[in-house]
Peer 1: 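The structure's right below; bear with me while I get my questions together.
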Amino acid sequence: MTATVIDGKAFAATVRGKVAEHVTRLKEVHGITPGLAVVLVGEDPASQVYVRSKGKMTVEVGMNSFEHKLEANTSEQELLNLIEKLNNDPAVHGILVQLPLPDHLDSDLVINSIDPAKDVDGFHISNVGLLGTGQKSMVPCTPLGCLMMLRDHHGSLSGLNAVVVGRSNIVGKPMAQLLLGDSCTVTIAHSRTKDLPDVVRQADIVVAAVGRPQMIPGDWIKPGATVIDVGINRIEKPEGGNRLVGDVEYDSCAAVAGAITPVPGGVGPMTIACLLANTVTACCRANGLSEPEGLAA
Ligand code: GUN
């Protein structure tokens with residue numbers, strides 16, 4: 001079997017198109033422009049690239065983008081003061097603090113100082129609790145993007161065996177909650193899981209989010225399974241230079257799977273699209289308006 005390639009780039013463009021339609025309606029009918037504030041502390045090169053890309057796409061869908069770039073030595077109190085200002089700013093509907101933060105800043109404290117209603121990353125402890133108890137919440141962008149692609153490919157996920165490889169707060173744990181919410185039988189596996197290949201072989205859906213380049217080979221995949229690869233790893237090419245690979249060995253997995261997301265062009269583009277979707281959702285909730293269909297969990 002050769003897997004269907006799930007085109008995350010095209011899917012993300014569709015999601016951004018829906019977001020843009022809602023933004024137009026919010027502006028024209030209600031006179032509201034959704035606004036997203038992104039806070040970057042320090043000069044981590046990868047974070048700078050992400051933040052630039054987020055700002056550009058925010059503007060492209062017609063929303064306001066507020067970028068706050070702070071020095072690497074910014075004190076915790078200065079950062080908390082900025083977040084309080086953004087929490088109280090009615091033009092700001094979503095707040096994202098780019099992670100990782102410099103070591104002297106307490107990420108948990110900072111994230112939990114964001115108004116949960118504006119927490120478009122879904123990392124605030126209230127949103128984590130709401131998601132875990134099946135209540136309406138802001139949902140982390142990467143797992144939300146994975147869920148959208150899975151629903152689009154499968155229709156119903158009910159009763160399917162899902163194995164999430166990776167237990168991070170950003171991807172693995174919320175992904176498992178979302179799959180459970182869609183009535184999958186969910187296993188969270190990780191680098192210490194016993195007999196990991198056999199566990200993965202049980203899966204109708206594999207979500208790979210371990211951060212280890214090409215860790216999952218094709219012979220761990222049940223024939224016909226759907227493979228969602230969250231990994232973005234840069235590896236050196238034998239001939240020099242480097243390239244991006246996922247957490248699964250693409251060629252061997254694609255030969256066995258029923259469907260697979262490529263790297264790049266799979267999950268990656270969906271993350272920013274879902275951030276924009278979450279900002280529109282937050283804006284609608286803040287204004288007591290009906291939420292866009294199909295853009296939230
Ligand atoms: N750094 C890497 N991924 C993310 C993300 O999804 N949100 C934030 N805020 N920082 C990140």
Side-chain angles (χ1 to χ4, degrees), residues 34-42 44 46-47 50-51 53-55 57-58 65-68 70 74 76 79-89 92-148 164 166-181 188 190 207 209-211 230 232 267-268 270-283 285-286 295-297:
L36 172 63
V38 175
V39 180
L40 174 63
V41 186
D44 178 63
S47 292
Y50 286 132
V51 166
S53 176
K54 284 168 190 167
M57 293 201 181
T58 303
S65 170
F66 307 103
E67 275 182 31
H68 294 269
L70 306 182
T74 298
E76 201 159 78
L79 180 54
L80 294 175
N81 290 347
L82 171 61
I83 291 172
E84 192 184 352
K85 209 173 96 200
L86 299 173
N87 282 343
N88 293 321
D89 184 343
V92 172
H93 304 95
I95 302 170
L96 179 147
V97 176
Q98 185 67 31
L99 301 176
L101 287 170
D103 287 346
H104 68 284
L105 300 172
D106 178 344
S107 302
D108 288 335
L109 179 78
V110 169
I111 295 302
N112 289 326
S113 74
I114 297 172
D115 176 350
K118 296 189 178 188
D119 168 36
V120 282
D121 258 329
F123 295 165
H124 190 289
I125 192 70
S126 299
N127 282 316
V128 175
L130 289 168
L131 177 63
T133 49
Q135 300 178 71
K136 194 185 261 194
S137 66
M138 295 308 300
V139 175
C141 305
T142 300
L144 178 57
C146 296
L147 183 74
M148 283 183 187
V164 179
R167 53 178 155 174
S168 71
N169 291 335
I170 294 183
V171 184
K173 288 178 198 161
M175 186 76 249
Q177 295 289 4
L178 288 171
L179 291 166
L180 203 51
I188 305 180
H190 45 80
V207 180
V210 258
V230 180
I232 301 178
V267 174
M270 286 298 287
T271 297
I272 295 185
C274 287
L275 172 68
L276 305 176
N278 277 351
T279 306
V280 172
T281 300
C283 177
R285 287 179 188 170
L295 292 181

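Treat the numbers as computed from the prediction; the structure is a model and nothing was measured. Counting from 1, the numbers follow the sequence of the chain as shown. Only this structure's heavy atoms are used, side chains among them; waters, hydrogens and symmetry mates stay out.
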Peer 1: How many angstroms lie between atom NE2 of His104 and atom OG1 of Thr74, to the nearest 0.5 angstrom?
Peer 2: 6.5 Å
Peer 1: Apply side chain to side chain contact (heavy atoms under 4.5 Å, CB included) to residues Leu96 and Val39 and explain how you reach the verdict.
Peer 2: CA-CA 6 Å; Leu96 179 147; Val39 180; over 6 Å; no
Peer 1: Identify the two heavy atoms, one from Met57 and one from Ile272, that lie closest to each other, and give their separation to 0.1 Å.
Peer 2: SD-CG2, 3.8 Å
Peer 1: Val120 and Gly94: which non-hydrogen atoms are nearest, and at how many Å?
Peer 2: CG1-CA, 3.7 Å
Peer 1: Are any of the side-chain heavy atoms of Cys146 and Met270 separated by less than 4.5 Å?
Peer 2: no
Peer 1: Donor-acceptor pair, Asn87 side chain versus Asp115 backbone, under 3.5 Å?
Peer 2: yes
Peer 1: Going by heavy atoms in the side chains, are Leu99 and Phe123 under 4.5 Å from each other?
Peer 2: yes
Peer 1: If I take atom CE from residue Met138 and atom CG from residue Asn278, how far apart are they, to the nearest 0.5 angstrom?
Peer 2: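 The CG atom of Asn278 is 4.0 Å from CE of Met138, to the nearest 0.5 Å.
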Peer 1: Looking at Phe66, I'd like to know if its CZ atom is crowded, meaning that more than 12 non-hydrogen atoms belonging to other residues, nucleotides or ligands lie closer than 6.0 Å.
Peer 2: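 Check passes, neighbour count above 12.
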Peer 1: Which value, rounded to the nearest 0.5 Å, describes the distance between Ile95 atom CD1 and Asp121 atom CG?
Peer 2: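 If we round to the nearest 0.5 Å, Ile95:CD1 and Asp121:CG are 11.0 Å apart.
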Peer 1: Quick one: does Asn127's side chain get under 4.5 Å of His124's, heavy atoms only?
Peer 2: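 A side-chain contact exists here, since the closest heavy-atom pair is under 4.5 Å.
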Peer 1: Could you tell me the separation between the NZ atom of Lys54 and the OG1 atom of Thr271, rounded to the nearest 0.5 Å?
Peer 2: 9.0 Å
